[in-house]
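In what follows, every chain begins at residue 1, and chains take the letters A, B, ... in the order their sequences are listed.
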There are 2 protein chains.
Amino acid sequence: MAPLPSGVLGSLDSTSDRAVFRQIADQLREAIDKGRFKEGAKLPSESELVERFGVSRMTVRNALSVLQGEGLVHSEHGKGVFVRPRPPVRRLASDRFARRHRDQGKSAFTVEAEAAGSRPEVDNLQVKEERPTRDIATRLGEPRKVLARRRRYLLDGRPVEFAASFLPLDIARDTPIAQPNPGPGGIYARLEELGHRLDHFDEEVRARMPTPAEVKTLHLAAGVPVIHLVRTAYDTEGRAVEVCDTVMAADAYVLAYQLPAN
Amino acid sequence: MAPLPSGVLGSLDSTSDRAVFRQIADQLREAIDKGRFKEGAKLPSESELVERFGVSRMTVRNALSVLQGEGLVHSEHGKGVFVRPRPPVRRLASDRFARRHRDQGKSAFTVEAEAAGSRPEVDNLQVKEERPTRDIATRLGEPRKVLARRRRYLLDGRPVEFAASFLPLDIARDTPIAQPNPGPGGIYARLEELGHRLDHFDEEVRARMPTPAEVKTLHLAAGVPVIHLVRTAYDTEGRAVEVCDTVMAADAYVLAYQLPAN
DNA sequence: CCTGACCACTCGTCTATACGAGTATGGGTG
DNA sequence: CACCCATACTCGTATAGACGAGTGGTCAGG
């Protein structure tokens, strides 16, 4: 057992009314913030902290769970507790669906990932017809049935996002859009070929903690929220032609928008 | 002690390899999802759950802390654990800074809140000159000093957002912008009067768990992430004239953007 | 040299107990 | 009737102990 670096952690203030486990969490947080524990570094083990602070193990675990909830650290069974490294973030520009980006043979995700030096993958591809949920139906103008396209995106093997596109069946049925691979430029290029010239997109952005299912699909660590993005595509006649519902690991993304001042 | 409604919760599967506290969390989550515990309703107390499932109190607390981390419930000392009500969300439209919204005597926040039937407040107003951080300096074109305007926004007494605006001092010094109340239309109106006609805004959106300071400022419950928005305003000459750094309670907001298809 | 058993260390789960502190309620007292 | 206080409930904090399970190293034996 390597000795704890001296001076990294202070001592507890028994006169303080701040709970002991919070004081321990505070000290560890400060040490991490100041870089005394670097990204990916292992924190002292629970038993070391028990000894160091003279408290019981549950108190130490309580402190560590605070830091986990903040997304600062993550634990690995049998190994230790580590400072959570910040993964490279993918920047989503607001012009990413602009027509001029649509002439490639590959999907926008693939092109962009390769440009950034990452290995992109698409996963769980699923295309089927189904009854829309209440919300989707409202956004799409109450179609009876929709074509749903679901997929998961990974970068260097790490899942970062999954998405479901919904299109009114009268638009998408028996078109390349109903194929697993819709071809170069993606479904937006196909929509325009089918005569639905796109006018604009509406995007709604929310952030929240993931559901257990989302934790599983995106392999999310504790303390990582998700960004929930719902995009609706409108053609030049004002008809909603697609809704895309996307859930992203929040630590892997920054969304960038450009707004006119009018 | 009121008897537990029968049939709301099932029993544990001791043959399952799923941890007991997770099974309890699963059952409570399902009951909440299915509306068997409504928004704001009180869950069975810890001791009731201890009895109900025949486990120790720490196991029950562990299960409840899972749900807290998911933002599903919150506990109140001395009262109980409650299903977290979803507060009304404030919708931020991407045209909220458009020139046409700027002719009011009140701030955009105030106008919008009153229209939605809420009581708006602005708080902690602070205006001072300071040295920019590395990030702010980069975005503003390396000014030596900046004017910083900080404030907190509340709706019906609940803090929902705090923001700091930074402007290069050569633009803002000795102007109405350096006053606590910059006047009708806000600082964007003043900037234009000073000859900085606004061209567009860049917004970067991130989501993450709050720092302890942010928890305090926004009175955040456990399991509520924050949306971190950094907006840069550019004038028609391409100069960055303001950076606004905003942290919002994620459960109080949905951001709406409209993107052209080009 | 490789393999497998063992062991030490890690975190994960769970029990049982204790006391403190915040909240609500009801009943007794003034 | 109004107030205060005792009380019983709530969750918060902390201890001590036990066993399980994943990881990685050492070391003996093939």
*Under 4.0 Å between any heavy atoms, over every strand shown, what does Arg22(B) touch: base, sugar-phosphate, or nothing? Just pick one.*
sugar-phosphate

*Salt-bridge present (Arg96(A), Glu203(A); N to O < 4.0 Å)*: yes

*Applying side chain to side chain contact (heavy atoms under 4.5 Å, CB included), name anything that partners Arg57(B), two or more places apart in sequence or on another chain.*
Glu46(B), Val50(B), Arg61(B)

Tabulate below the donor-acceptor pairs under 3.5 Å that side-chain atoms of residues 111-118 of chain B make, not counting sequence neighbours, or state none.
{"residue": "Glu112(B)", "atom": "OE1", "partner": "Arg90(B)", "partner atom": "NH1", "Å": "3.0"}
{"residue": "Glu112(B)", "atom": "OE2", "partner": "Arg90(B)", "partner atom": "NH1", "Å": "3.3"}
{"residue": "Glu114(B)", "atom": "OE1", "partner": "Lys106(B)", "partner atom": "NZ", "Å": "3.1"}

*Expressed in angstrom and rounded to an integer, what is the separation of Glu76(B) atom CD from dA21(C) atom C1'?*
15 Å

*Tell me: CZ of Arg18(A) to C1' of dA21(C), nearest whole Å?*
17 Å

*asked:* Please confirm whether the shortest side-chain N or O distance from Ser45(A) to OP1 or OP2 of dC9(C) is below 4.0 Å.
replied: no

_Tell me the interatomic distance from Asp17(A), atom CG, to dG22(C), atom C1', rounded to whole angstroms._
15 Å

*Could I get the full list of salt bridge (charged side-chain N to carboxylate O under 4.0 Å, His left out) partners for Arg86(A), not counting sequence neighbours?*
none

_Please report the distance, rounded to the nearest Å, between CG in Leu49(B) and C1' in dC14(C)._
16 Å

_First encountered from the 5' end of DNA chain D, between Glu46(B) and Val20(A)_ = Glu46(B)

*NZ/Lys42(B): more than 12 non-hydrogen atoms of other groups inside 6.0 Å*: yes

*Can you check the Leu12(B) CG to dT13(C) P distance for me, whole Å?*
15 Å

*Which pairs, with at least one residue in residues 13-35 of chain B and sequence neighbours excluded, count as a ring pair (Phe, Tyr, Trp, His ring centres under 6.0 Å)?*
none

*Test ring pair (Phe, Tyr, Trp, His ring centres under 6.0 Å) applied to Tyr257(B) - qualifying residues, sequence neighbours left out*: Tyr257(A)

*What nucleotide among dC11(C), dC14(C), dT13(D) has an atom nearest to a side-chain atom of Ser75(A)?*
dC11(C)

_Pairing residues for Tyr153(B) by the ring pair (Phe, Tyr, Trp, His ring centres under 6.0 Å) criterion, not counting sequence neighbours_ = Phe109(B)

*Starting at atom NZ of Lys42(B), determine the distance to atom P of dG22(C), rounded to an integer number of angstrom.*
19 Å

Could you go over nucleotides 23-27 of chain C and give all protein N or O partners under 3.5 Å, atom names and distances?
none

_Euclidean distance, atom CZ of residue Phe82(B) to atom C1' of dG22(C) [Å, nearest integer]_ = 12 Å

*Under the side chain to side chain contact (heavy atoms under 4.5 Å, CB included) test, which residues partner Asn181(B), sequence neighbours left out?*
none

*What parts of residues 55-63 of chain A reach DNA chain C, counting only heavy atoms under 4.0 Å away?*
Arg57(A), Met58(A), Arg61(A)

*Rounded to whole angstroms, how far apart are CD on Glu51(A) and C1' on dT15(D)?*
17 Å

